[in-house]
Structures are given as structure tokens and as C-alpha cells.
Number of protein chains: 2
Amino acid sequence: MNKKMKSKVTIHDVAAEAGVSFGTVSRVINNDVHVKKETRERVLDVVEKLNYVANRQARSLAGGKTNSIGVLVPDLGTGYIGEIIRGIDAELSLADLDLILYTTHRTPTKEANYVANLASGMVDGLLLVLPRQPQDLVKTMQQRRFPFVLIDHQGTGQDCPAVGAMNWSGGYNATEYLISLGHKRIGFITGSMDLGCAVDRLAGYRSALKTNHILEDEALIYEGNFDQPDGYVGASALLDLTHPPTAIFASNDVMAMGVMDAVRNRGLRVPEDISVVGFDDIPQASLVRPALTTINQPLEKMGRVATQVLLSMLENPEKETTRIELPTQLVIRDSCGKPK
Amino acid sequence: MNKKMKSKVTIHDVAAEAGVSFGTVSRVINNDVHVKKETRERVLDVVEKLNYVANRQARSLAGGKTNSIGVLVPDLGTGYIGEIIRGIDAELSLADLDLILYTTHRTPTKEANYVANLASGMVDGLLLVLPRQPQDLVKTMQQRRFPFVLIDHQGTGQDCPAVGAMNWSGGYNATEYLISLGHKRIGFITGSMDLGCAVDRLAGYRSALKTNHILEDEALIYEGNFDQPDGYVGASALLDLTHPPTAIFASNDVMAMGVMDAVRNRGLRVPEDISVVGFDDIPQASLVRPALTTINQPLEKMGRVATQVLLSMLENPEKETTRIELPTQLVIRDSCGKPK
DNA sequence: CATAATTATGTAAGCGTTTACAAATCCTTT
DNA sequence: AAAGGATTTGTAAACGCTTACATAATTATG
């Protein structure tokens, strides 16, 4: 009875204890139909008794799959990515797949490196969150026929599996909400314009203006980079105009917070003097004061859906997959009001 | 079924191309000294040329190590954990180890399950961030002699490798700062008292009071749970007292935000009427208005250090390791002022 | 210059599985 | 009761690598 703690119990141990061949044990744990019911039960009992857990590496080596999928993220700082991962994780654990996390944060060039390595057998599939330069990566993976899904990035014209949000309509709706409040001069702070989502949000803004017969003023558009300071600087520039805006729509929540900061720093109030709208609905959007009116992106759901897509690709490699866009939604809080 | 048409390049391919045996190639990629310099170079060239990447699973199987370490986290929501992971990731990638992420969020009981599985060979070591019920887990791992490090949790009396922050002195310093501002009645909202860090912060608070000859008032201590609503409810209760506090010290930033919310909801201002201090210094602490004065925990560094400790345990299993506490620091922003 | 020492390389035996394929057992059906 | 088929079980060959150990090549030694 005194078994060594250190030596792991293998499929052979189970086989011996159950009085069957290891092949049978393998069939049992893989739910192969060709096992007599009572044999299966006996084996399962022994598995339980011996506390057997199949060795993942051996399984992978023999089976040709790694049972884990790689998730490439730029960072974990803002909670934005965290939400997406939460969704990914949920789906993955349902499928009993491991999540191997790679952060490209420190070295941007690592993105390409990782993909090259990962795609050559370390994981069965890849989920790329907010990739910065997907063109080459996508090409690499496609020519290797390696399964992957892009999350929150619409490549410029590239046709590949991706899950994103309806950025255009988010931009449109937020702008239209501001217009409905009576605003005519609405400042806009863009995100990194190399990212499709930023382009789309701006396009939505423009469309809403046009639809409502408001003349677009280039001076009201400030090019930001999705970081908080851009919001501050952008808002400052906007407020310095001869005809400053009465409302500012920032392309993400973090910048919107920078905007609020700038507004207050010049002695103005949100929303009495200036209305502010963000985009994303990150957790802290409801924590700041005034609570931020913003466009909700279903972050967790994006993670879930992307994972589902990837898993279905794994099951059926031939299946044609394409871009999926999840709806965004206006969340009205306290940062907007009628213009003075 | 889905056979890979793309034959991966193996160690044998490299060996053939370089005109050596696969054993030599193995030595080269493992930096074994017993290889002639020019042979090594030739092999390396071929590796480059063929774009060879060693198969992780095979390596693990043969070598008896998985080259990856598991990280168990409760969640990724607040950015708090994200910071820690950033540190872990940095160290891990230096050591060329993979990070396998497990989130226990949805099912608390999964913690134990994961540990049982992981400890039996899926990873070489485990990093447990903010574990909720470590007692059993720790016992399991210790008796299996499985390497692990606890992050941000001081077990009640358990002697095991752990990395945390100086919660006591953080609590002490924050309280003393408030006292130095002139506050005499300082409310305190605790964290989950089953977590050592919460206990320590409270103890620090009490000590500071005592040192400064301020009589402790039990009524000023509200037991929270580290969630934002606790801050709101706690502050409300505190402000309802006959002799309400002039300052409130919340055991983490998230609760502090709840506190600010409650304060404002009764028409009071921060910091003019009530001073607020948090703990953690999460990214959004500097984003809220007024910016939160808080105790900085070196989250990323905790991740780094814990990883270093784990790696050293992997290298030298016999080495005695113990608890490490990193210093905390008061960060003064805009949420505190003199009492009226 | 032979011989021992040293260093470099080749070889074979696993590591713990999966999975064809072969062998054995159990039912049917005449 | 025996043949044929279906079902269940056993076996051996990978999977790609590490690592003793054996062997070959090189250098140093007397």
C-alpha cells in the first residue's frame, strides 16, 4: 500500500491494477465505444483509486494535439483585456483545454516570434487579442493552415476569422445621442488610426453628423492614441478653439477620463459645461465621477465567441469562417447633459 | 482525419542536413559543452535555415519537465492581478518558461482541483495568487514536495514560500498620515478578514492610533469584503454615526471608490468634508477624481520576486525558502485634507 | 611513436500516450 | 455444433526528444 509519492501513476499502473492491458485503459479514458461496460467501470474505479491523471505531454506527443490553445495579448493593465480573457477562459475550460498566455507587452516584435513558435506545434490554435501588426502574422498562419482567430481587430481588407464589436454603430449611436441632447459642436478624439476599430468609430461619428445635417468641422477632430494623456491633451486643444465644442466623444474610456480631467482643470464642469462620452465600458467607467456615459462593448462575449469559433475550426478545418461583429450599446450615465 | 500535410522539421531533419547524429543536435540545442565549436556552428546554421523549433511536448516527456509553470488567479477583473501577472510573465519569459493560466473565478472549488491536477505533472511549479483557502492546497503540495509560491497571502501560521507586501506598515503609515493632517476620528473599512493581508492592515491602523494616543473606537471599524459595494455601505454606516469620522481609510482602492461615492451621495465633498485613503494603488487610483491617496503595493515586483523564488526552488529543491515581504509606500494624491 | 587521457560523436533505451492492426472472445444463425 | 460476424481486448509501432553509455577522434604524455 505504501506507494512512492514521487513516482507518478501511469496508464500501465492502472492497467496492471485493473487486470487489463494498457490499451484498454487508454480506450476507457478516451471514451472509446469498444469497451465492455463492466470493464470500463472496473478501470474507472482503479483510476479513481490510484488517482490517475493522464500525462498531458505524452498525450500530446502521441496524439498530435497539444490540448492547449495560446492567447496572445498586448497587456493586462486596463481590465479591458481581462474581460476578454475571462470569456476565453470560460469556453476553454468547458472544452477542457489549457490556456497558455503570452504577453507581447514588453517587446512588440515578440508578437511575430511567438506566432512563429506557437504555430509550429506548441498549441493547437491561437487567439490574438488586439494584435498590432497582424498582416504578416496572418499570412504566416494562413499559409501554414494554422487555426487562429483575431479578437477586436478588423484587418484592413484582410479576410480572416475575427471577432469584433460594431464600432461603427457605436460611434454613430454615441454621436447621435449627443445630438439628441442638443449638441451641435461635438469634439472627437480618435484612437490609434492604424487600428480598424478606431477608424470605424470615427466613421460612425461622421455618419451621425451627416445624417443629422451637422457640418463636419475638421478642427473638432483630434487624433489620439488610446492612452489617457491623449484625452487630456486632445480635450485641452479642443477647448482652446475659438469655437470650442460643447461635448467631447473620446474613442475609449481611458481617454474620456483624460478629457474629464482637462475639463475640470480649466474650471469647467462635467456635464454642466461639457458633456463627455467614452467607448468600451470598462469596469472603472462606472466608478469615476461623474459616472461615464459610454458605449458598451461585450468584451467577455467577444472572448467567448472567438473561442467558440476557434474550437469549431479545430473540429472542422474546412469550414469557412469569417468576421463576426457583436453589437455595441449606449450606456447612459452621468457625464452628459444639454448644452448651455 | 485532419492530417497535417506540412511535415514539421524534427531533430532528425536537422541532423541529416548538418551531417551529424541527432544526439549532437540535441546537445547543441541544450547547450551541452561537449560539442566542437565548428560542429555547433554548423548545426546552428541548419537550425536557422530549416527554421527548426524543438517540440515542447517531446522535450517534456523525455526530460521529465514541462517547461511551463502554472499560475492560479482568482480573476482578472481589477487590474490588480494583471499587474502581478505582468511581473510573473517578465521573469518567466526570461527563463524561457511558458505561463499556463488558470482562473478559479467561476468555481471556487476548482482551486483544489486544479492544484491536484497540476501538481501531478502538468507544470513544473505553481504560483498561487491570492488563494482563498490555501491550507489544504498547501498541505497537498507540500507532501508531494511540489514547488509553489503563494503571492499576496500570509497563511495563518503556515510556514511556506510566499511573497507579500508589508501590509502592516502600509496600514500604519496611511493612518499616521491622516493623523498628521489633524484627523482624530478615522473610520476603517476592513477587507476579508480571512485574508492575512486584511488582518495586517487593520493591525497597522490600530497601532498607529495607539502610538499617537488616540483612543480606538470599535464603532469606527466596519467589516468589509474588498468589494466596492462594501465601501459604499461601510461609509454610509460610518457617516450615520452620532460622531462620524472625518476621514475614512478603506482596506483597498476599490472600496475607497465606493466610499467616495457614498460621501458624495450625501452631499459631502472629498477631501473638503471627508478624507479618503485606499490601499493597493491600482491603475485607476490615479484616474478617479479626486485622485486617490493610497498605499502603493509593488504588485509587479511581487510577481517578479515570487517567480524568482519559484525558479530558485526548481533549481535547488533543498533550499529553504520562506516568506518575503516587499515594502509598501504612501502615495499622496488629492483625496485627503485637514479636518474641518 | 605508442599509450593513456581527454574530448567529441553516435547509439539505444526510454518518457506515457494514441492508434492501427492482430488476436481473442462472444453471439448469432444455420 | 460449427461457421461467420460483431464485439472486445492485446500488441507494437510511433510521437520527438533527453540522456546514459559506448565508441571514435583528438590531444597530451612519456
Side-chain angles (χ1 to χ4, degrees), chain A residues 6-44 46-47 50-68 96 98 117 120-124, chain B residues 1-4 6-44 46-47 50-68 96 98 117 120-124:
Chain A
K6 298 182 72 179
S7 69
K8 324 183 176 280
V9 16
T10 76
I11 204 174
H12 289 95
D13 299 327
V14 175
E17 181 78 15
V20 296
S21 80
F22 66 88
T24 302
V25 176
S26 176
R27 272 174 219 112
V28 170
I29 60 179
N30 286 296
N31 286 314
D32 189 309
V33 278
H34 302 292
V35 183
K36 213 201 312 192
K37 198 168 175 182
E38 72 181 45
T39 310
R40 154 166 285 120
E41 281 164 2
R42 186 151 37 96
V43 170
L44 252 21
V46 175
V47 165
L50 261 39
N51 221 299
Y52 166 74
V53 189
N55 177 310
R56 209 105 174 176
Q57 341 296 125
R59 249 182 145 162
S60 302
L61 226 207
K65 347 155 78 324
T66 66
N67 297 310
S68 50
D96 196 29
D98 278 341
N117 281 3
S120 62
M122 279 170 56
V123 294
D124 294 336
Chain B
M1 315 274 270
N2 54 339
K3 273 286 180 245
K4 269 238 162 81
K6 220 195 106 42
S7 60
K8 312 172 181 288
V9 16
T10 77
I11 203 174
H12 290 94
D13 300 327
V14 176
E17 181 78 16
V20 296
S21 81
F22 65 89
T24 302
V25 177
S26 176
R27 271 175 219 112
V28 170
I29 62 179
N30 286 296
N31 285 313
D32 189 309
V33 278
H34 302 292
V35 182
K36 212 200 316 191
K37 199 167 172 187
E38 71 180 48
T39 311
R40 153 166 286 119
E41 281 165 3
R42 185 151 39 96
V43 170
L44 251 21
V46 175
V47 164
L50 261 40
N51 222 298
Y52 166 74
V53 188
N55 178 310
R56 207 102 175 180
Q57 343 294 127
R59 241 177 150 167
S60 304
L61 227 206
K65 335 143 99 318
T66 65
N67 296 311
S68 49
D96 195 28
D98 278 341
N117 281 3
S120 63
M122 277 168 59
V123 294
D124 294 336

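Below, chains carry the letters A, B, ... as their sequence lines are ordered, and counting in each starts from 1.
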Identify the pairs formed between an N or O of the protein and an N or O of nucleotides 22-26 of chain C at a distance under 3.5 Å, and give each distance.
none

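- In this structure, the CG atom of Asn55(A) is 8 Å from the C1' atom of dT17(C), given to the nearest Å.
- Under the side-chain contact (heavy atoms from CB on, under 4.5 Å) criterion, Lys36(A) pairs with Glu38(A), Thr39(A), sequence neighbours left out.
- Closest to the Ala62(B) side chain, of the nucleotides dG10(C), dT17(C), dG14(C), is dG14(C).
- Across the interface with DNA chain C, nearest-nucleotide mapping of Lys65(A) and Ala58(B) shows Ala58(B) to be the residue nearer the 5′ end.
- The 5' end of DNA chain D is approached more closely, in terms of each residue's nearest nucleotide, by Lys37(A) than by the other of Lys37(A) and Phe22(A).
- Within 4.0 Å (heavy atoms only), Ser26(B) reaches at least one base atom of the nucleic acid.
- A nucleotide of DNA chain D counts as in contact with chain B when one of its atoms lies under 4.0 Å from a heavy atom; the first and last such, 5' to 3', are dG16(D) to dA20(D).
- Residues that satisfy the side-chain contact (heavy atoms from CB on, under 4.5 Å) test with Ala58(A), not counting sequence neighbours, are Asn55(A), Leu61(B).
- The CD1-C1' distance, from Ile11(B) to dT11(C), rounds to 13 Å in whole Å.
- Between Asn51(B) and Val9(B), the closest side-chain pair of non-hydrogen atoms is not below 4.5 Å.
- Regarding contacts with the backbone of dT9(C), a side-chain N or O of Thr39(B) is found under 4.0 angstrom from either OP1 or OP2.
- Taking atom CG on Leu61(B) and atom C1' on dA13(C), their separation rounds to 14 Å, with Å as the unit.
- Applying the salt bridge (charged side-chain N to carboxylate O under 4.0 Å, His left out) test to Arg56(A) and every residue at least two apart in sequence or in another chain returns Asp98(A).
- Atom pair Asn30(B):CG and dT9(C):P shows a separation of 15 Å (rounding to whole Å applied).
- For Tyr52(A), there are no ring pair (Phe, Tyr, Trp, His ring centres under 6.0 Å) partners at least two apart in sequence or on another chain.
- For the pair Arg59(A) and dG16(C), the criterion of a side-chain N or O lying under 4.0 Å from OP1 or OP2 is not met.
- Applying the salt bridge (Lys or Arg N to Asp or Glu O under 4.0 Å) rule to pairs touching residues 14-35 of chain A yields Glu17(A)-Lys49(A), sequence neighbours excluded.
- Atom CG in Asp32(A) sits about 9 Å away from atom P in dT19(C), given to the nearest Å.
- Distance, Asn31(A) CG to dT18(C) C1': 14 Å, rounded to whole Å.
- Computed from coordinates, the His12(B) NE2 to dT11(C) P distance equals 10 Å when rounded to whole Å.
- Thr10(A) pairs by the side-chain hydrogen bond (donor to acceptor under 3.5 Å, both in side chains) definition with nothing, not counting sequence neighbours.
- Thr10(A) has no side-chain polar atom (N or O) that falls below the 4.0 Å cut-off from OP1 or OP2 of dG16(C).
- Map Ser21(B) and Gly63(A) each onto its nearest nucleotide of DNA chain C; the residue landing nearer the 5' end is Ser21(B).
- A search for salt bridge (charged side-chain N to carboxylate O under 4.0 Å, His left out) contacts involving Arg59(A) returns nothing, not counting sequence neighbours.
- Listed by first then second residue, pairs satisfying ring pair (Phe, Tyr, Trp, His ring centres under 6.0 Å) with a partner in residues 12-32 of chain B read His12(B)-Phe22(B), not counting sequence neighbours.
- Side-chain N or O atoms of Ser60(A) include none that pairs as donor or acceptor with a backbone N or O of Gln57(B) at under 3.5 Å.
- Listed by chain and residue number, Thr66(B) satisfy the side-chain hydrogen bond (donor to acceptor under 3.5 Å, both in side chains) test with Ser68(B) (two or more places apart in sequence, or in another chain).
- In this structure, the side chain of Asp124(B) engages the main chain of Asn67(B) through a donor-acceptor pair within 3.5 Å.
- Recorded end-axis angle for the helix from dC1(C)-dG30(D) to dT30(C)-dA1(D) stands at 40°, based on five pairs per end and rounded to 10 degrees.
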